[in-house]
Amino acid sequence: MAKKKSGVSMEIGSDGVAVIKFTNPPVNALSYNIIEELKERYVEAMNRNDVKAVVLTGEGGKFCGGFDINAFAKEKKTEDDSDKPDEQSLVNAIEEAKKPTVAAIEGLALGGGLELAMGCHARIATPRVQLGLPELTLGIIPGMGGTQRLPRLVGTSKAIEMMLTSKAIMSEEGKKLGLIDAVVSKEELLKVARRWALDIAERRKPWISSLQRTDKLGSLAEARQVIQAAREQSRRTAPNMPQHQACLDAVEEGVLFGGYSGILKEKELTNPNVLYTSKSLVHFFFAQRAISKVPNVTDVGLKPRHIKKVAVIGGGLMGSGIATALILSNIIVVLKEISTEYLQKGINAIEANLRGLLARGKITENKVMNALSILTGVLDYSEFKHVDLVIEAVIESVPLKQSIFHELEKVCSQNCILATNTSTIDLNIIGEKTTSQDRIVGAHFFSPAHVMPLLEIVRTDKTSAQVILDLMTVGKAIKKVPVIVENCTGFAVNRTFFPYGQGAHILVHLGVDLFRIDRLVREFGIPIGPFQLQDVAGYGIGIAAGKVLASAFGDRMFKTPLTELLIKDGRNGKLNGKGYYTYEKGSRPKPDPTVLPIIEKSRKLANIMPGGKPVSLSDQEILEMILFPVVNEACRVMEEGIVLRASDLDVASILGMSFPSYRGGLIFWADSVGATHIYSSLKKWSEAYGNFFRPSKFLEERATKGIPLSVSASTSQTVPKSRL
Ligand SMILES: C[C@H](O)CC(=O)SCCNC(=O)CCNC(=O)[C@H](O)C(C)(C)COP(=O)(O)OP(=O)(O)OC[C@H]1O[C@@H](n2cnc3c(N)ncnc32)[C@H](O)[C@@H]1OP(=O)(O)O
């Protein structure tokens, strides 16, 4: 279908109201052209004698999704702003004009869209319109006066909360806060907005300029206190995000010296040198959109089937998390376990998940009750003939999974999708004893499954496109970001990241302090270091996954004696409160010095220190020896076509492994470091410390030819097995 044309139209009614409407599908983003055209229509409306007032609106059920991020991305690439129109001046011109403007808002008003609306003299919206300033997620600050007008319309505290969390509110809440003047039906929207605009022009309603208001700002002392508290919180929660402090700087300037000074400060702070993370975050925005485009699945006219009822097999940590995510999105769940005791444990875990969300204010009591009302526990397969999808989430045992899938083939309908939540096992092996390979698929959730946003959908060369589309649709319905990956041991995320823990173990056995390693990784921006992660994930799962990975990638695995020694010492990580760290309810994990003699023992057993002496490494070397092997494995994953595009690994690393979003994801970050440096470092370490560090062919080729890692494999000289 041809893309609808973008542009700005103006229609002048017999009542003297000019309706200025802008179109730029899909979200009416404010491109430079749209901004320029809006300015021109405005000048015309102001100059015409037959226009008394203006209504500003967006075409196609959406007011505006904000400034055009495509233009922003281009601008960031070239840092050339010679043809860039001044977007602030459009809003200022509307607000200061001699004729009033009313914004008629449908669907959404985000970022520059809301800022445009706040420059109008009133805002009329339809029900459930999303209103927000999400700029900080893109690494920038609201740049069309949002840092000044939002506090003046909803109060300093609420405005700061909206900007720092980037969360939208609905028009109904906007009405209560004073951001919206009236909520009316879609049919009435333009009629009410026209009348409102005339009422202002003819002084039957007040003519309000948001920037002039001070009544909602509170006293200077109160506003300062709110800003200071927000600064401290941001320093803790967003330490590497300069946009948070910059946004507060702009708000503070406006509170102290008035709205116009605030507007100037806002402009000054949109400098890319201040907002240095925006390039990475804009990349992450587009990478997330690209992930849902799957050749031969989403572009061949298939329609997703409706998945109403799902069976989850296994009520352990993963199964209970998956069931929680499903029932929270109104999908009926049948949870199957092997005994009444295990079933009750599973249901209790689901209830605990829901209560946890309730305690954190994420859901209401009503939601908890509704979710539990669509959950049934069973001990046999009799209910399975009525389900549309099964997700198996039992322990990582090949014979057990094979026998379950063999059984499922008999008890489920022929159209039922058969998914496994295995994190490492090859799907062809799981489905070996069935004839249903076309509907067998991997649904790899990340723990805790009701919280972590990534869903790795694993396909074999036999999985049907319809099954993939259906699972992608369920994934989105339960608020996950589905990434499609090809079948291989460990799939994309666990495969790419297995060297993360391995590298850390090698370093410890070379004599590096484990708590130093965890600290350096945290400082890099990954919230928990590799050893704490091992404690949290549990040693059992690590050993099981390690065995599967070792059988596939044995020549580049380090067989660490440490985990077995820890278990022998009665440690089981977070599960029993004792691992590398000690865990007590209500307090932060504490490094446990009593683990050090066990490490010494392990070092002796592994015996990998050159000359038997601990190596001396800088902080940077330590970090690189952990992260470069991860990049190296990612190169193999890309070369084998396990992911569709490099940016899929960026999204997967951020959403599945908590890689810092402000670094743009694993491959984006690696390209910022440079393939040449990564390659030469790995080569040097492989000579000193062995095969684990051996650079892959893909990396070697990229480094020698000077091609970035993010460039699609199919455009380089390599011949990947990718389906692209
Ligand atoms: C000066 C100002 O202060 C600066 C700004 O305004 S910066 C921009 C602020 N606005 C935003 O951050 C909003 C970003 N967009 C979104 O959050 C979501 O896209 C949305 C809520 C608008 C719609 O979500 P959803 O319906 O799930 O659709 P989604 O897939 O995300 O987007 C649909 C398409 O619109 C595009 N799009 C969305 N917002 C866009 C924007 N502001 N600019 C350019 N394209 C945009 C997406 O890239 C996607 O394109 P594609 O189909 O080619 O992949």
Side-chain angles (χ1 to χ4, degrees), residues 8 10 18 20-22 24 27-46 53-58 63-69 71-72 81 84-105 108-125 131-135 140-154 159 162-163 174 178-181 193 197 200 207-213 216 247 250-251 253-254 258-270:
V8 181
M10 180 163 78
I20 299 183
K21 191 179 269 188
F22 53 103
N24 190 13
V27 299
N28 293 333
L30 298 170
S31 64
Y32 290 158
N33 285 346
I34 294 283
I35 292 174
E36 279 307 307
E37 279 190 55
L38 275 171
K39 281 184 181 170
E40 285 163 21
R41 292 289 92 76
Y42 236 82
V43 172
E44 191 187 335
M46 293 306 115
V54 175
V55 165
L56 185 63
T57 194
F63 184 71
C64 175
F67 188 74
D68 185 346
I69 304 168
F72 181 73
D81 60 359
K84 184 174 175 277
D86 179 1
E87 55 271 14
Q88 267 190 354
S89 69
L90 168 67
V91 187
N92 295 344
I94 293 173
E95 191 169 61
E96 289 160 13
K98 55 187 182 202
K99 298 173 189 174
T101 301
V102 171
I105 310 171
L108 45 89
L110 298 175
L114 181 59
E115 293 175 290
L116 193 58
M118 289 193 293
C120 298
H121 302 99
R123 286 148 296 278
I124 316 296
L131 307 161
L133 294 181
E135 282 89 340
I140 56 171
I141 65 168
M144 288 168 65
T147 60
Q148 305 308 308
R149 292 188 180 91
L150 192 60
R152 283 165 174 76
L153 286 166
V154 303
M162 283 174 69
M163 289 188 280
L179 179 58
I180 293 297
D181 294 275
I200 298 176
W207 189 317
I208 301 167
S209 300
S210 311
L211 202 61
Q212 306 294 341
R213 285 179 63 174
K216 290 269 182 90
C247 178
V251 173
E253 178 84 10
Y260 287 112
S261 295
I263 294 267
L264 292 177
K265 184 79 178 170
E266 190 182 81
K267 199 174 179 67
E268 181 192 317
L269 288 167
T270 51

Closest non-hydrogen atom pair between [X] and [Y], with its separation:
X	Y	value
Phe22	Leu116	CZ-CD2, 4.0 Å
Thr147	Glu266	OG1-OE2, 2.5 Å
Val91	Met144	CG2-CE, 3.6 Å
Val251	Pro151	CG1-CG, 4.4 Å
Ala45	Ile20	CB-CD1, 4.5 Å
Phe63	Ala117	CE2-CB, 4.1 Å

Are the side chains of [Y] and [X] in contact, using a 4.5 Å heavy-atom criterion?
X	Y	answer
Cys120	Leu56	yes
Leu114	Ile105	no
Glu36	Val8	no

Donor-acceptor pair, distance only, cut-off 3.5 Å: does the side chain of [X] make one with the backbone of [Y]?
X	Y	answer
Ser210	Arg149	no
Glu115	Gly146	yes
Asp181	Arg123	yes
His121	Glu95	yes
Asn24	Ala29	yes
Ser31	Asp68	no
Glu253	Lys265	no
Lys39	Leu90	no
Arg213	Leu153	no
Lys99	Met46	yes

Output the distance between atom [atom1] ([X]) and atom [atom2] ([Y]), rounded to the nearest 0.5 Å.
X	Y	atom1	atom2	answer
Phe67	Ile140	CZ	CD1	8.0 Å
Ile141	Lys267	CD1	NZ	11.5 Å
Gln148	Ser261	CD	OG	8.5 Å
Cys64	Leu110	SG	CG	8.0 Å
Ile34	Arg41	CD1	CZ	10.5 Å
Lys21	Met10	NZ	CE	14.0 Å

